[in-house]
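Report on the structure given below.
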Amino acid sequence: MSKSSPRRPFGGRSNGTVTVIEARVHRSSARNARLAFVMTAVIVGLLAAVVAASYMHPILALFVGIGVGVPLGGIVWVLVRIWPVIRLLWWWTPEIGLAGLLLVGWVQLASHTPTLVTLLVVALVVGVPAGVPVIRRQIMAWGWCLVVRHRLRVCFAQFIIANQSGSLPLILWATPTPVGERVWVYLRPGLSVKDLEGRLDKIAVTCHASTVLIERASDGNAAYVRFDIKRREVLTANVGSPLVDVIDPATPTVEQAPPVVPTALDLPDVQAPTITLPKQQGTSGSKPAKPAATAAANGSKPAAASSSVPDDDVSDWI
């Protein structure tokens with residue numbers, strides 16, 4: 001581990017040395033390791049001394065407590081001290097495992113088969129995935145998942161503010177999706193979803209993607225979030241339809257005029273119905289009924305007939 005330059009990320013060089021752990025993280029782990037050693041040694045030592053005091057002299061029990069607490073405190077100190085290295089190994093676990101698997105397979109294949117068979121097996125293992133489009137696309141999708149995990153870690157280390165101890169969010173795993181990748185991340189104290197929403201455009205640039213979305217992955221834990229990284233658009237692709245083969249190209253097509261939708265009703269054009277009244281019988285005999293007045297245009301009520309007409313006899317209506 002080198003403490004030469006806190007500004008250099010992993011892989012940077014300064015004065016011929018490679019910075020694996022940043023100086024801030026190095027100092028924080030050393031402070032946490034000392035605190036963990038003291039707390040573990042004191043608590044475990046007191047508990048062991050109390051238990052041993054019931055079986056032996058208190059002075060001997062005190063030495064027993066020291067003998068139990070100090071070694072356990074040392075183990076905790078080592079674990080906390082090397083935690084940055086363990087976290088670094090966790091970041092590169094898929095690559096380390098894949099490289100180890102390929103190395104062991106090559107050694108076993110080369111030691112148990114002739115050279116010609118070894119080359120043939122290697123050609124099949126490399127050539128078949130490269131020649132079959134389905135397998136090739138799956139391998140590339142999972143390869144992008146490995147790349148995205150490291151690109152997100154670069155985002156958190158470069159332009160996303162972490163806590164004072166320098167603890168970066170824990171990037172858990174990633175899976176391919178039809179449009180890109182989906183990554184689950186566990187945030188440390190000091191970050192929230194609101195803080196990351198304003199930096200999604202920068203995250204998209206760093207991940208070589210089109211857009212990036214973030215949302216909570218758990219209703220009960222706000223630190224558990226999910227990144228959806230979009231690289232391609234699948235909804236705008238042309239989809240083949242079987243109906244194209246059913247249609248005969250020689251069939252003429254008839255263009256139909258669009259139907260005219262009425263927008264208003266012209267009431268004067270509506271014919272008013274004719275209403276006839278039944279004959280009325282009076283005391284002086286029956287007379288023919290008068291024709292009923294037709295309704296006026298636009299549904300208006302006709303004016304009442306004047307009683308000064310000579311043929312109008314009021315007694316006929318009483």
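Predicted model, so just to flag it, every value in this text is computed and none were measured.
Rounding to the nearest 0.5 Å places CZ of Arg81 at 11.0 Å from CZ of Arg31. One distance of note links NE2 of His150 with SG of Cys145; it measures 11.5 Å at 0.5 Å rounding. In this structure, Leu98 CG and Leu103 CG are separated by 11.5 Å, a value rounded to the nearest 0.5 Å. To the nearest 0.5 Å, the span separating CG on Leu187 from CD1 on Ile214 amounts to 6.5 Å.
Looking only at side-chain heavy atoms (C-beta outward), Val121 and Leu124 stay at 4.5 Å or farther from each other. Residues Thr211 and Leu200 fail the side-chain proximity criterion, which asks for heavy atoms closer than 4.5 Å. Counting only heavy atoms from C-beta outward, the side chains of Trp77 and Thr40 never approach each other to under 4.5 Å. Residues Pro169 and Leu191 form a side-chain contact, since some pair of their non-hydrogen atoms from C-beta on lies under 4.5 Å apart. Residues Phe227 and Leu196 have side chains in contact (heavy-atom distance under 4.5 Å, counting atoms from C-beta outward). No side-chain heavy atom of Val193 sits under 4.5 Å from any side-chain heavy atom of Glu215. Contact of the Ile203 side chain with the Ile160 side chain is registered, since non-hydrogen atoms from C-beta on lie closer than 4.5 Å. Taking 4.5 Å as the limit, every side-chain heavy atom of Arg188 sits out of range of all side-chain heavy atoms of Leu168.
In plain terms, the two heavy atoms of Val148 and Ile229 that are nearest each other are CG1-CD1, 3.1 Å. Closest heavy-atom contact between Ala204 and Ser210: CB-O, 4.0 Å. Among all heavy-atom pairs drawn from Gly220 and Arg216, the shortest one is N-NH2, 4.3 Å. Closest of all the heavy-atom pairs between Pro178 and Arg232 is O-NE, 3.2 Å. Residue Gly190 comes nearest to Asp195 through the heavy atom pair O-OD2, 4.0 Å, listed as atom of the first residue, atom of the second, then distance.
Within the cation-pi definition used here (under 6.0 Å to the ring centroid, within 45° of the axis), Arg149 does not qualify as a partner of Trp91.
Salt-bridge check for Arg231 with Glu181: passed, with a basic side-chain N closer than 4.0 Å to an acidic carboxylate O.
Of the candidates Asp228, Thr177, Thr175, Asp228 is the only one forming a side-chain hydrogen bond (donor to acceptor under 3.5 Å, both in side chains) with Arg182.
Side-chain atoms of Trp90 come within 3.5 Å of backbone N or O of Ile171 as a donor-acceptor pair.
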